[in-house]
Amino acid sequence: MPLVFYVDDSRDDLFYADYISKKQRPNIDLQCFPDTRSALRALEDLQTAAGTLPDALVVDLYMPLDSGLELISQLRSDQRFSGIRLGVCTGSDALEDRERAMAAGADFYTGKPIDLGAIVNGAQ
């Protein structure tokens with residue numbers, strides 16, 4: 001079962017992703033995080049303990065305390081995490097935001113609400 005980490009400071013968006021995951025049962029193990037620090041800590045713990053990584057990590061573009069793009073850049077520069085598909089899920093449809101996300105190292109850019117099935121199937 002694919003493992004997806006979803007990082008968003010919005011409780012509503014995290015609740016929605018979890019709700020959809022349970023309701024639609026897309027055969028995805030979804031783990032939600034309210035900030036980039038907790039997601040990075042979980043990534044490092046998972047990699048150290050089990051030697052595995054999530055199939056995808058998706059971050060919100062705009063978060064008041066942590067930048068999703070900073071996390072993507074950090075993960076792209078760390079060889080341990082090179083196998084993870086990284087993406088941005090946002091309410092912004094601005095071309096500049098998409099370009100910034102891709103320049104930071106994102107593999108995909110998608111709008112909200114999050115479509116878990118499409119993310120895992122690479123339809124982004």
Side-chain angles (χ1 to χ4, degrees):
M1 180 178 327
L3 174 60
V4 175
F5 278 19
Y6 181 45
V7 186
D8 199 315
D9 65 312
S10 167
R11 288 184 183 197
D12 290 339
D13 289 335
L14 292 177
F15 175 83
Y16 176 79
D18 186 57
Y19 171 78
I20 291 300
S21 175
K22 291 175 181 168
K23 182 176 180 178
Q24 294 179 351
R25 299 179 187 230
N27 202 27
I28 294 169
D29 181 5
L30 177 68
Q31 293 188 19
C32 296
F33 301 91
D35 57 64
T36 61
R37 288 180 299 258
S38 61
L40 182 57
R41 193 169 30 254
L43 274 174
E44 291 171 338
D45 291 348
L46 181 64
Q47 199 276 331
T48 299
T52 62
L53 294 169
D55 298 278
L57 180 136
V58 184
V59 296
D60 183 23
L61 181 62
Y62 293 111
M63 293 187 280
L65 299 176
D66 302 309
S67 166
L69 296 185
E70 288 175 14
L71 178 59
I72 287 176
S73 293
Q74 183 178 357
L75 294 176
R76 278 293 174 239
S77 68
D78 190 328
Q79 187 61 31
R80 296 176 298 166
F81 306 117
S82 64
I84 304 172
R85 287 186 68 237
L86 301 176
V88 172
C89 184
T90 182
S92 172
D93 62 357
L95 179 60
E96 300 84 25
D97 287 336
R98 178 181 297 272
E99 289 172 347
R100 286 186 321 120
M102 302 314 273
D107 295 306
F108 61 91
Y109 185 94
T110 187
K112 289 186 178 181
I114 192 168
D115 182 346
L116 296 170
I119 287 168
V120 170
N121 295 322
Q124 301 301 298

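We use all heavy atoms of the structure for the numbers below, so side chains are in, but hydrogens, waters and symmetry mates are not.
- Considering every non-hydrogen atom in both Met102 and Phe108, the closest pair reads CE-N, 4.2 Å.
- For the atom pair CG (Leu116) and CD1 (Ile20), the distance works out to 8.0 Å, reported to the nearest 0.5 Å.
- For Ser82 (side chain) and Gln79 (main-chain N/O), a donor-acceptor pair under 3.5 Å exists by modelled atom type.
- With sequence neighbours left out, the side-chain hydrogen bond (donor to acceptor under 3.5 Å, both in side chains) criterion links Asp29 to no other residue.
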Residue pair Val88, Ile72: steps toward the side-chain contact (heavy atoms from CB on, under 4.5 Å) verdict
CA-CA 9 Å; Val88 172; Ile72 287 176; 3.6 Å; yes
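- In this structure, CG on Leu69 lies 8.0 Å from OH on Tyr62, to the nearest 0.5 angstrom.
- In this structure, the salt bridge (charged side-chain N to carboxylate O under 4.0 Å, His left out) partners of Arg100, at least two apart in sequence or on a different chain, are Asp97.
- For the residue pair Gly111 and Cys89, the shortest heavy atom distance occurs at O-SG, 3.6 Å.
- Rounding to the nearest 0.5 angstrom, the gap separating the CG atom in Asp8 from the CZ atom in Phe33 is 13.0 Å.
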Stepwise, does the salt bridge (Lys or Arg N to Asp or Glu O under 4.0 Å) test hold for Asp107 with Arg76? CA-CA 10 Å; Asp107 295 306; Arg76 278 293 174 239; 2.6 Å; yes
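- In this structure, the separation between CZ on Phe5 and OG on Ser38 is 9.5 Å, given to the nearest 0.5 Å.
- Within the 4.5 Å cutoff, the side chain of Val4 has no heavy atoms near those of the Pro54 side chain.
- Between Thr52 and Leu46 the shortest side-chain heavy-atom distance falls below 4.5 Å.
- Rounding to the nearest 0.5 Å gives a distance of 12.0 Å between CG of Leu75 and CD of Glu70.
- Of all the heavy atoms in Leu14 and Cys32, the pair that sits closest is CD2-CB, 3.7 Å.
- Between Thr36 and Met63, the shortest heavy-atom contact is CG2-CE, 3.6 Å.
- Using a 4.5 Å cut-off on side-chain heavy atoms (C-beta onward), Leu40 and Gln74 make contact.
- Nearest heavy atoms, Ser21 versus Ile28: OG-O, 4.0 Å.
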Note to self: Run the side-chain contact (heavy atoms from CB on, under 4.5 Å) test on Lys112 and Asp60 for me, step by step, so that the C-alpha distance in whole Å, both residues' side-chain angles and the decisive distance to 0.1 Å come before the verdict.
What the structure shows: CA-CA 9 Å; Lys112 289 186 178 181; Asp60 183 23; 3.3 Å; yes
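- Ser73 meets the side-chain hydrogen bond (donor to acceptor under 3.5 Å, both in side chains) test with no other residue; sequence neighbours excluded.
- Listed for the Asp9 side chain is no donor-acceptor partner under 3.5 Å among the backbone atoms of Pro34.
- At least one side-chain heavy atom of Ile114 sits less than 4.5 Å from a side-chain heavy atom of Val58.
- Salt bridge annotation for Asp18-Arg11: absent, with no cationic side-chain nitrogen under 4.0 angstrom from a carboxylate oxygen.
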**Asked** Run the side-chain contact (heavy atoms from CB on, under 4.5 Å) check on Gln31 and Leu3 step by step: do they pass?
**Response** CA-CA 8 Å; Gln31 293 188 19; Leu3 174 60; 3.6 Å; yes
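- Ala101 and Tyr109 get closest at one heavy-atom pair: CB-CD1, 3.6 Å.
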Determine, stepwise, if the pair Asp13 / Tyr6 fulfils side-chain contact (heavy atoms from CB on, under 4.5 Å). CA-CA 10 Å; Asp13 289 335; Tyr6 181 45; 3.9 Å; yes
